[in-house]
Amino acid sequence: MRQLPLADPGTPDHRSPARYLWWVARGQKATLAGGVTFGILWMTAQAFLPAVLGRAIDEGVAAGDRGRLVFWTAVLLGIGAIAAGAGIMRHRFAVVNWLTAAYRTVQVVVRRSADLGATLPKHLATGEVVSVGASDLAHIGNVLEVVARFAGAIVAFVVVAVILLTSSTTLGLIVLIGVPVLLFCLGPMLRPLQRRQFAHRDAVGELNSLGSDIVAGLRVLRGVGGEESFSRRYRTESQQVRAAGVQVARIQSTLDATQVLLPGIFIVLVVGLAAHFALRGEVSPGDLVAFYGYATFLVMPLRTATEAADKLMRGLVAAGRINRVLSLTPEIADPAEPIALPDQGDLVDPASGIHARHGRLTAIVTAEPDQGALLADRLGRYDEGLVTFGGVPLAAATRADVRRHILVADTGAQLFTGRLRDELDPAARASDADVMAAIATASADDVLVALTDGLESEVEEKGRSFSGGQRQRLMLVRALLADPAVLILVEPTSAVDAHTEARIADRLRAHRAGRSTVVITSSPLLLDRVDEVVFVAAGRVVAVGKHRELLDTEPRYRATVTRQTEDEIEEVHA
């Protein structure tokens with residue numbers, strides 16, 4: 001009973017939604033078996049109550065036998081106690097099955113998301129992944145939760161049918177034939193319901209994506225006056241979600257109403273026939289009461305069966321969405337026979353000609369602004385390439401080994417909710433002295449001083465309580481504390497003022513002494529303090545040297561760093 005969350009959820013079968021649900025069920029066979037056992041006992045015990053009540057009326061009340069009345073009353077009490085106990089255990093197992101299925105789904109989705117890394121946002125929107133945790137896992141849990149009651153409903157139906165057949169063949173056949181017919185009548189509504197649920201789920205995912213984008217860019221929207229435009233767009237998509245929800249609710253309400261109407265008609269039919277047989281003397285008064293009790297009781301198995309069908313449809317929709325995440329494969333795969341990377345060495349990219357020597361602070365300047373991030377991805381093996389480290393191709397090593405040796409810290413990094421110390425040093429490997437040294441290097445002392453509890457302060461979601469420059473410096477602290485063999489920084493000072501940038505540039509070399517650091521930037525303050533500058537244009541290295549040397553000898557480098565146009569350069573030389 002205390003098995004969640006599972007330590008190892010295993011590898012899910014994502015070839016189809018049904019296979020995924022089967023994989024989830026197979027992974028919790030013990031609790032499912034317990035739930036089914038108590039579900040059958042719970043509902044079967046209730047199925048015997050009308051029969052016992054009928055016997056008490058016939059043998060006790062009608063016959064005037066107080067002893068038999070007491071006996072059947074005791075039997076009724078015992079069956080009620082069994083039903084109550086079994087109901088409690090069934091519910092406990094149902095909760096465990098729901099939670100286990102839901103959180104195994106969370107585990108496999110989170111693990112696959114972490115494994116996919118940069119591949120995930122290229123194929124799925126943020127809102128699509130958020131919707132998995134917001135609604136899909138609940139539907140997976142619902143499927144496993146209803147299994148126990150559905151098994152009990154089937155067994156109880158068989159038990160009632162057998163009892164009725166022994167009392168009245170006609171009424172028994174009506175129940176045996178009538179209940180499946182009722183379920184068959186509900187079947188045509190399930191397929192349209194599934195289609196509309198798919199459409200509603202798609203709309204919810206798109207709305208979540210839009211909401212995430214709006215929240216992430218709220219400051220920018222306010223700066224350019226775009227709140228009203230995005231507000232209108234959000235309202236429009238929200239109304240589309242509402243309309244899709246109404247479509248689902250329309251057929252769902254019809255299904256729910258039918259679940260009440262058809263069993264009601266069935267009850268009237270069975271009770272009417274039983275009353276007719278009682279008037280003709282073919283059944284006893286106790287049997288009449290029992291038949292009414294059975295007709296009423298059968299509403300529960302019938303509704304459980306339709307509820308199970310509904311939850312299965314929703315579960316299949318949810319499993320299909322989950323499979324979209326699980327079916328993705330990383331763009332970068334580990335080799336079959338990996339080679340371990342050395343502890344140190346030069347980082348070389350033959351495709352571009354970049355050569356970052358061990359122990360040096362190297363800057364890379366690109367003539368095309370969008371090429372810097374692409375180079376960083378290739379050097380950090382987020383994209384395929386022929387990059388080597390210490391003479392060993394990165395493609396020959398595992399991704400985990402590459403991440404241990406080479407860290408890419410770009411502008412897309414985020415701060416998460418939690419204690420500041422944990423945000424800066426997630427692995428808890430750094431001492432207080434190391435943390436303070438990194439903070440000093442990133443010139444983030446003022447950020448720490450402004451916090452009431454210092455490193456123990458709580459960071460809000462995405463670090464929204466900090467300014468852009470403060471967040472950037474804290475993320476630089478985190479990168480420095482990771483202390484990789486090669487640290488690749490992409491525009492690490494783009495959001496700070498010139499004085500702060502100069503302090504960071506002065507301290508960075510000393511902090512990273514003995515290890516390799518690559519800075520992709522066009523900031524003159526940083527470039528003037530590095531060991532070597534590599535200038536890349538059209539994807540190839542065209543010049544290597546000191547910052548001031550390249551300013552004098554390479555016009556394209558000067559234009560890139562100083563933001564001068566060709567006409568302005570000619571005017572200066574004239």
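Index from 1, following the sequence.
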When rounded to the nearest 0.5 angstrom, what is the spacing between CZ in Arg471 and CG in Leu415? 7.5 Å
How close do Ser457 and Leu451 get, counting heavy atoms only, and between which atoms? OG-CB, 3.4 Å
Which value, rounded to the nearest 0.5 Å, describes the distance between Ile322 atom CD1 and Ile140 atom CD1? 4.0 Å
Could you tell me whether the side chain of Leu144 reaches within less than 4.5 Å of the side chain of Thr100, counting heavy atoms only? no
Does the side-chain hydrogen bond (donor to acceptor under 3.5 Å, both in side chains) test come out yes or no for Thr398 and Asp401, once each step is laid out? CA-CA 5 Å; Thr398 64; Asp401 197 16; 4.9 Å; no
Heavy-atom side-chain proximity of Asp446 to Arg473 below 4.5 angstrom: yes
Could you walk me through whether Arg421 and Asp432 pass the salt bridge (charged side-chain N to carboxylate O under 4.0 Å, His left out) check? CA-CA 9 Å; Arg421 180 188 293 274; Asp432 287 350; 2.7 Å; yes
Under 3.5 Å, is there a donor on one side chain and an acceptor on the other for Ser523 and Glu501? yes
Under 3.5 Å, side chain of Asp497 to main-chain N/O of His499, donor-acceptor pair present? yes
If you measure from the Lys or Arg side-chain nitrogens to the Asp or Glu carboxylate oxygens, is any gap between Glu532 and Arg357 under 4.0 Å? yes
What pair of heavy atoms forms the shortest contact from Leu526 to Pro492, and how long is it? CD1-CG, 4.2 Å
Identify the two heavy atoms, one from Ala101 and one from Gly141, that lie closest to each other, and give their separation to 0.1 Å. CB-CA, 4.1 Å
Thr493 and its side-chain contact (heavy atoms from CB on, under 4.5 Å) partner, picked from Ile504, Thr500, Leu525, Leu508: Ile504
How many angstroms lie between atom CG of Leu455 and atom CD of Glu423, to the nearest 0.5 angstrom? 12.0 Å
Where do Ala485 and Phe389 come nearest, in terms of heavy atoms and distance? CB-CZ, 4.0 Å
Under 3.5 Å: donor-acceptor pair, side chain of Arg540, backbone of Ala351: yes
Crowded around Asp453 CG? As in, over 12 foreign heavy atoms under 6.0 Å? yes
Would you please test Phe535 and Val541 for side chain to side chain contact (heavy atoms under 4.5 Å, CB included) and show each step? CA-CA 6 Å; Phe535 179 55; Val541 173; over 6 Å; no
When you measure from the side chain of His139 to the backbone N and O of Val317, does any donor-acceptor pair fall under 3.5 Å? no
Salt bridge Asp422-Arg478, side-chain N to carboxylate O under 4.0 Å: no
Nearest heavy-atom pair of Leu341 and Ala397: which atoms, and what distance? CG-CB, 3.7 Å
Main-chain N/O of His358 paired to Asp346 side chain as donor or acceptor, under 3.5 Å: yes
Pairwise side-chain contact, Ile406 with Leu394, heavy-atom cut-off 4.5 Å (strictly under): yes
Is the closest side-chain donor-acceptor distance between Thr517 and Arg512 under 3.5 Å? yes
Closest approach of Gly390 to Pro342 (non-hydrogen atoms, all atoms of both residues): CA-CG, 3.9 Å
I'd like to know if the side chain of Arg507 reaches the main chain of Ala440, judged simply by a donor and an acceptor atom lying under 3.5 Å from each other, with no hydrogens or angles considered. yes
Among all residues two or more places apart in sequence or in another chain, which pass the side-chain contact (heavy atoms from CB on, under 4.5 Å) test with Ser494? Gln472, Glu491
Between NZ of Lys546 and CG of Asp552, what distance do you get to the nearest 0.5 Å? 14.5 Å
Any side-chain to backbone donor/acceptor pair from Asp425 onto Arg429? Under 3.5 Å, distance only. yes
Flag side-chain contact, heavy atom, 4.5 Å: Ser352 against Arg378: yes
Walk me through it: do Thr388 and Val392 pass the test side chain to side chain contact (heavy atoms under 4.5 Å, CB included)? CA-CA 5 Å; Thr388 63; Val392 177; over 6 Å; no
Kindly indicate, with the supporting measurements, whether the criterion side chain to side chain contact (heavy atoms under 4.5 Å, CB included) is fulfilled by Val536 and Gln371. CA-CA 9 Å; Val536 179; Gln371 291 300 306; over 6 Å; no
Pair Glu145, Asn97 - check side chain to side chain contact (heavy atoms under 4.5 Å, CB included), show working. CA-CA 6 Å; Glu145 178 273 331; Asn97 285 324; 5.6 Å; no
Hey, what do you get for OG (Ser522) to CD1 (Ile364), rounding to the nearest 0.5 Å? 13.0 Å
Consider side-chain contact (heavy atoms from CB on, under 4.5 Å). Of Val365, Thr362, Val519, Asp528, which one does Val533 pass it with? Val365
Side chain proximity check, Arg314 to Asn142, heavy atoms < 4.5 angstrom: no
Between atom CZ of Arg360 and atom CG of Leu347, what is the distance when rounded to the nearest 0.5 Å? 14.5 Å
Non-hydrogen side-chain atoms of Leu487 and Ser516 separated by less than 4.5 Å: no
Check this for me: does any side-chain nitrogen of one of Arg419 and Glu458 sit under 4.0 Å from a carboxylate oxygen of the other? no
Cationic tip of Arg403 above Tyr382 ring, under 6.0 Å, 45° of axis: yes
Does the pair Arg399/Asp115 count as a salt bridge with the N-to-O cut at 4.0 Å? yes
Is there side-chain contact between Tyr103 and Val108, with heavy atoms separated by less than 4.5 Å? no
Going by heavy atoms in the side chains, are Ile488 and Leu407 under 4.5 Å from each other? no
